[in-house]
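Have a look at the structure below before the remarks.
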Amino acid sequence: TDINGPHQGGWVRRGDRDWFVHFCDKGPYGRIVYLEPMTWPKGEWPVMGDNGEPVASGEMPGSAPQKPFGGLAVSDEFDAVAPGLQWQFLGKSDDLKAWCTPYGFFRLYSTPYVLRGKSHASLSLSGSVRNLWETPNLMVQKFPSESFTAVLKAQVGAKVDGEEAGLIVQGSSYARIGLAFREKTKTFDVVYVECRDADKGKDEDKPVVLGTVPANVIAAGIRSANVAEIYFRLSVVPGQDKKGNLAPTCVFAWSLDGEKWNARPEAFLAREGKWIGATFGLYAVCEPDTKDRGWIDADYLRVTEEGGN
């Protein structure tokens, strides 16, 4: 059926009605939870759904009128003492590298690439192969629907050449758009990077420079820092790969004012991760042995249901 299951779930009883909660594996969209009606004929096995056929929608449990569901937490203004419950790190992160500030933004410090075959003690890239597959300090959330648009307003700060931060779609293949600091010119490049088959140890593609943003110098501890304000946008609509598998179509864009957008014309096809769907959110990386870390200050991430450009 279109809904794989019911399996790996549980029996739920409310009043005199029986239900079965289970998930459906939707690849890049993750595991979607379903609540199926269930009957249990005397002396027989329980039957889920419509005579054994899983249903995509149906009556809510309970006899009283149901209060409309307000939807999952997706957007975040980062005004609270902690980020919303939709966020997760992909592994054990460092509490001193990321937190909600009392100033209305979330700060994520850059952490070094971890190169495969070398140190795995750091918090970022996985030695000689450069990719973000084993990076635990990505703050991400699951795709909330088949079509959506996410807009991130942020300030990126850097003290050392090559520090980079921005918006990422993460999975076994991933793509990201961000600002990378260039010490020589005191500017930020708007860079776009893809990595196909990151889970198999493949290198990232060479960064594509989409534009240049001037840096402003501010005081930041012993050394001054270079900062720039930026908007990033991710637009997602349903798609398929060449084999007919689900592969959400993702288009990245950037803006200096949140109104005039510069979109990368080529789309990226998202893929699921390991036992989870694709995710999107914040990243901040730097070269190994970088002493003074840069950061990204996320003012807000706002998600709407419409996808497309």
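Numbering of residues begins at 1 and proceeds along the displayed sequence.
- When hydrophobic clusters are built by joining Ile, Leu, Val, Met, Phe, Trp and Tyr residues whose side-chain heavy atoms come closer than 4.5 Å, directly or via intermediates, L269 is not grouped with Y29.
- Between Y231 and E259, the side chains place no donor N or O within less than 3.5 Å of an acceptor N or O (distance only, hydrogens not considered).
- Hydrophobic cluster membership differs between L108 and V151, with clusters built from Ile, Leu, Val, Met, Phe, Trp and Tyr side chains linked at under 4.5 angstrom.
- Here the shortest heavy-atom pairing between N137 and A284 reads ND2-O, 3.7 Å.
- Between the side chain of S235 and the main chain of T149, no donor-acceptor pair closer than 3.5 Å is present.
- Separating the OH atom in Y283 from the CG atom in L90 is a distance of 14.5 Å, to the nearest 0.5 Å.
- Separation of atoms CG (L256) and CH2 (W261) is listed at 10.0 Å; rounding is to 0.5 Å.
- The nearest pair of heavy atoms linking Y192 to A175 is OH-CB, 3.5 Å.
- Residue R17 holds its CZ atom at 11.0 Å from CE of M38, rounded to the nearest 0.5 Å.
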Give the C-alpha distance, both sets of side-chain angles, the deciding distance and a yes or no for side-chain contact (heavy atoms from CB on, under 4.5 Å) between R264 and W254. CA-CA 9 Å; R264 175 171 168 78; W254 65 280; over 6 Å; no
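- Remark: N226 CG to N216 CG distance equals 9.0 Å, nearest 0.5 Å.
- Under a 3.5 Å cut-off, the side chain of E36 and the backbone N or O of V55 do form a donor-acceptor pair.
- In this structure, E164 and R176 have side chains that are in contact, with non-hydrogen atoms separated by less than 4.5 Å.
- More than 12 heavy atoms of other shown residues, nucleotides or ligands fall within 6.0 angstrom of atom CD in E183.
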Would V190 and F252 count as a side-chain contact (heavy atoms from CB on, under 4.5 Å) here? Give the steps. CA-CA 11 Å; V190 183; F252 290 85; over 6 Å; no
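- Contact annotation: the side chain of L301 approaches that of W87 to within less than 4.5 Å [non-hydrogen atoms, C-beta and beyond].
- Between I177 and L210, some side-chain heavy-atom pair lies under the 4.5 Å cut-off.
- Partner T187 forms a side chain to side chain contact (heavy atoms under 4.5 Å, CB included) with one of L179, V213, T212 and no other, that one being T212.
- For S110 (side chain) and R293 (main-chain N/O), no donor-acceptor pair under 3.5 Å exists by modelled atom type.
- With a 4.5 Å cut-off on side-chain heavy atoms, V81 and C100 do not count as touching.
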Can you list the steps and then say if V160 with E287 is a side-chain contact (heavy atoms from CB on, under 4.5 Å)? CA-CA 9 Å; V160 178; E287 295 297 327; over 6 Å; no
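- Nearest heavy-atom pair across A270 and P28 is O-CG, 4.0 Å.
- V208 and V156 fall within a single hydrophobic cluster, where Ile, Leu, Val, Met, Phe, Trp and Tyr are joined by side-chain heavy atoms under 4.5 Å apart, directly or via other members.
- In this structure a side-chain-to-backbone donor-acceptor pair under 3.5 Å is missing from E163 to C286.
- Residues M139 and L152 share a hydrophobic cluster, clusters being chains of Ile/Leu/Val/Met/Phe/Trp/Tyr side chains in contact below 4.5 Å.
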Go through K202 and D197 one step at a time and tell me if the salt bridge (Lys or Arg N to Asp or Glu O under 4.0 Å) criterion holds. CA-CA 6 Å; K202 300 297 185 180; D197 296 322; 6.0 Å; no
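- Residue F188 comes nearest to V227 through the heavy atom pair CE1-C, 3.7 Å, listed as atom of the first residue, atom of the second, then distance.
- The minimum heavy-atom distance linking W133 with Q170 is given by the pair CA-NE2, 4.0 Å.
- With a 4.5 Å cut-off on side-chain heavy atoms, Q141 and D76 do not count as touching.
- Atom CG of residue L282 and atom CD1 of residue I168 lie 10.0 Å apart, to the nearest 0.5 angstrom.
- F148 and F280 have their aromatic ring centers within a separation under 6.0 angstrom.
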Show your reasoning for whether side-chain contact (heavy atoms from CB on, under 4.5 Å) applies to I276 and K274. CA-CA 5 Å; I276 63 172; K274 187 70 172 178; 5.9 Å; no
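- Applying the 6.0 Å contact sphere to NZ of K159 captures more than 12 heavy atoms from other residues, nucleotides or ligands.
- In this structure, D199 CG and E134 CD are separated by 10.5 Å, a value rounded to the nearest 0.5 Å.
- Of the possible donor and acceptor atoms, none in the side chain of D189 sits under 3.5 Å from a partner among the backbone N and O of V191.
- Ring centroid separation for the pair W99 and Y109 comes in under the 6.0 Å cut-off.
- The residue from K200, R196, R271 that alone fulfils the side chain to side chain donor-acceptor pair (under 3.5 Å) condition with S173 is R271.
- Within a 6.0 Å sphere centred on CG of D257, heavy atoms belonging to other residues, nucleotides or ligands number more than 12.
- Under the 4.5 Å side-chain heavy-atom criterion for Ile, Leu, Val, Met, Phe, Trp and Tyr, L246 and L234 are members of the same hydrophobic cluster.
- Within the 4.5 Å cutoff, the side chain of E272 has no heavy atoms near those of the K26 side chain.
- Between Q86 and L72 the shortest side-chain heavy-atom distance does not fall below 4.5 Å.
- Between W19 and P37 there is a side-chain heavy-atom pair separated by less than 4.5 Å.
- Shortest non-hydrogen contact noted between A298 and F78 is O-CD1, 3.4 Å.
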